[in-house]
Amino acid sequence: MSKIGIVLGRFHTKEVTEMLEEARAVAAKRQLDIVAEVWVPGSMEKPLALKRLLCRNDISGAVALGIIERGETEHGNVMGHAVISSIIGLQLEFMKPVGVGILGPGINPSQIPPRVRPYAAAAVEAVADLLASA
Ligand SMILES: Nc1c(NC[C@H](O)[C@H](O)[C@H](O)CO)[nH]c(=O)[nH]c1=O
Ligand SMILES: CC(=O)[C@@H](O)COP(=O)(O)O
């Protein structure tokens with residue numbers, strides 16, 4: 001059974017907790033063993049937390065869950081581009097899959113609920129698929 005870690009953003013704890021519930025269910029279905037669940041303040045901290053997990057020899061992949069909301073400035077868009085680019089870079093650096101379950105950037109409150117579980121599920125499914133095809 002492949003072992004994975006999950007990094008979660010505390011900036012939207014309520015919604016991300018629901019995402020975690022979905023991720024756990026899909027991991028069980030796809031026979032992935034979640035050996036680490038790491039909460040970080042927000043998306044900016046996810047790349048470092050992910051790299052710490054990917055450095056572990058026992059971890060084959062990881063998932064990042066969170067939300068980058070729409071603000072009044074371009075901060076969220078800049079963050080989204082930087083964070084997702086960094087996460088993709090980590091996949092290629094470690095040759096380990098990282099499922100990106102980060103809503104947004106620029107998501108409005110009404111757009112969040114219908115995406116919470118599907119994005120979490122898709123992130124775990126992606127890691128499972130990449131591990132299965134390795
Ligand atoms: N506004 C959002 C943030 N902001 C916090 C940053 O991610 C970071 O924790 C802070 O800049 C300290 O380094 N984070 C999200 O994940 N989502 C947001 O909408
Ligand atoms: C995505 C964010 O960081 C957001 O909360 C920031 O809001 P603002 O652009 O109004 O500073």
Side-chain angles (χ1 to χ4, degrees):
M1 181 180 279
S2 296
K3 299 181 186 316
I4 67 169
I6 302 184
V7 173
L8 310 111
R10 281 200 300 267
F11 207 81
H12 299 87
T13 300
K14 174 179 175 292
E15 296 86 351
V16 177
T17 298
E18 185 179 350
M19 297 182 87
L20 177 58
E21 290 173 5
E22 186 69 17
R24 286 171 174 168
V26 175
K29 182 189 74 171
R30 295 298 303 267
Q31 297 186 318
L32 296 176
D33 183 15
I34 301 173
V35 296
E37 295 175 356
V38 180
W39 287 88
V40 295
S43 292
M44 288 288 201
E45 287 73 39
K46 289 171 188 168
L48 177 56
L50 285 166
K51 187 162 186 173
R52 288 172 175 168
L53 292 176
L54 296 173
C55 282
R56 288 177 46 171
N57 292 328
D58 64 321
I59 284 181
S60 302
V63 169
L65 300 177
I67 301 170
I68 301 179
E69 67 191 22
R70 179 179 301 280
E72 297 177 355
T73 73
E74 284 303 301
H75 183 260
N77 285 335
V78 171
M79 172 165 47
H81 285 286
V83 168
I84 291 176
S85 178
S86 297
I87 291 173
I88 292 171
L90 288 172
Q91 290 191 87
L92 302 178
E93 177 183 355
F94 286 88
M95 293 302 288
K96 296 180 179 180
V98 180
V100 181
I102 300 175
L103 280 57
I107 196 167
N108 293 313
S110 65
Q111 297 170 314
I112 294 174
R115 290 169 171 82
V116 164
R117 290 186 178 272
Y119 270 62
V124 177
E125 294 279 8
V127 173
D129 289 349
L130 267 290
L131 291 173
S133 64

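None of these values were measured; they are calculated from a predicted model. Quick note: residue numbers are just sequence positions, from 1. Atoms within a ligand are numbered from 1 in the order they appear, just like the ligands themselves.
Between Pro97 and Gln91, the closest heavy-atom pair is CA-OE1, 3.6 Å. Shortest non-hydrogen contact noted between Arg10 and Pro41 is NH2-CG, 3.4 Å.
Regarding atom 5 (O) of ligand 2, its nearest protein heavy-atom neighbour is Glu69 OE2, 2.9 Å. Here the protein heavy atom with the shortest distance to atom 10 (C) of ligand 1 is Glu45 OE2, 4.1 Å. Regarding atom 9 (O) of ligand 2, its nearest protein heavy-atom neighbour is Thr73 OG1, 2.6 Å. Shortest contact from atom 6 (C) of ligand 1 to any protein heavy atom: Met44 CG, 3.7 Å. Nearest protein heavy-atom neighbour of atom 4 (N) of ligand 1: Phe11 CE1, 3.5 Å.
For ligand 2, one of its N or O atoms has an N or O atom of His75 under 3.5 Å away. Backbone and side-chain nitrogen or oxygen atoms of Glu69 are examined, and one is located within less than 3.5 angstrom of a nitrogen or oxygen of ligand 1.
Nearest residue to atom 7 (O) of ligand 2 from Ser43, Gly104, Pro105, Gly71 is Gly71 (criterion: closest heavy atom). Residue Glu72 holds the heavy atom nearest to atom 10 (O) of ligand 2 of all those in Arg70, Glu72, Glu74.
Note on Phe11 and Val116: separate hydrophobic clusters, where clusters join Ile, Leu, Val, Met, Phe, Trp and Tyr whose side-chain heavy atoms are under 4.5 Å apart, directly or indirectly. Criterion: ILVMFWY side-chain heavy atoms under 4.5 Å apart, direct or through other members. Under it, Val7 and Ile34 are not part of a common hydrophobic cluster. No path of Ile, Leu, Val, Met, Phe, Trp and Tyr side chains, each step under 4.5 Å between heavy atoms, connects Ile107 with Ile84, placing them in separate hydrophobic clusters.
Listed by atom number, the atoms of ligand 2 under 4.0 Å from Met79 heavy atoms are 1 (C), 3 (O). Taking every non-hydrogen atom of His12 and a distance limit under 4.0 Å, the qualifying atoms of ligand 1 come out as 17 (N), 18 (C), 19 (O). Close approach to Gly42 involves these atoms of ligand 1, each under 4.0 Å from a residue heavy atom: 7 (O), 9 (O), 14 (N), 16 (O). Counting the atoms of ligand 1 from 1 in the order shown, those under 4.0 Å from a heavy atom of Ile67 are 15 (C), 16 (O), 17 (N), 18 (C), 19 (O).
The only member of Leu54, Leu130, Val63, Val127 that meets side chain to side chain contact (heavy atoms under 4.5 Å, CB included) when paired with Val98 is Leu54.
Distance check: Asn108 CG to Leu103 CG gives 11.5 Å after rounding to the nearest 0.5 Å.
Judged by distance alone, the side chains of Lys46 and Ser43 do bring a donor and an acceptor atom under 3.5 Å apart.
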Report task. Step by step, work out the side-chain contact (heavy atoms from CB on, under 4.5 Å) result for Val38 and Arg52. Result -> CA-CA 10 Å; Val38 180; Arg52 288 172 175 168; over 6 Å; no

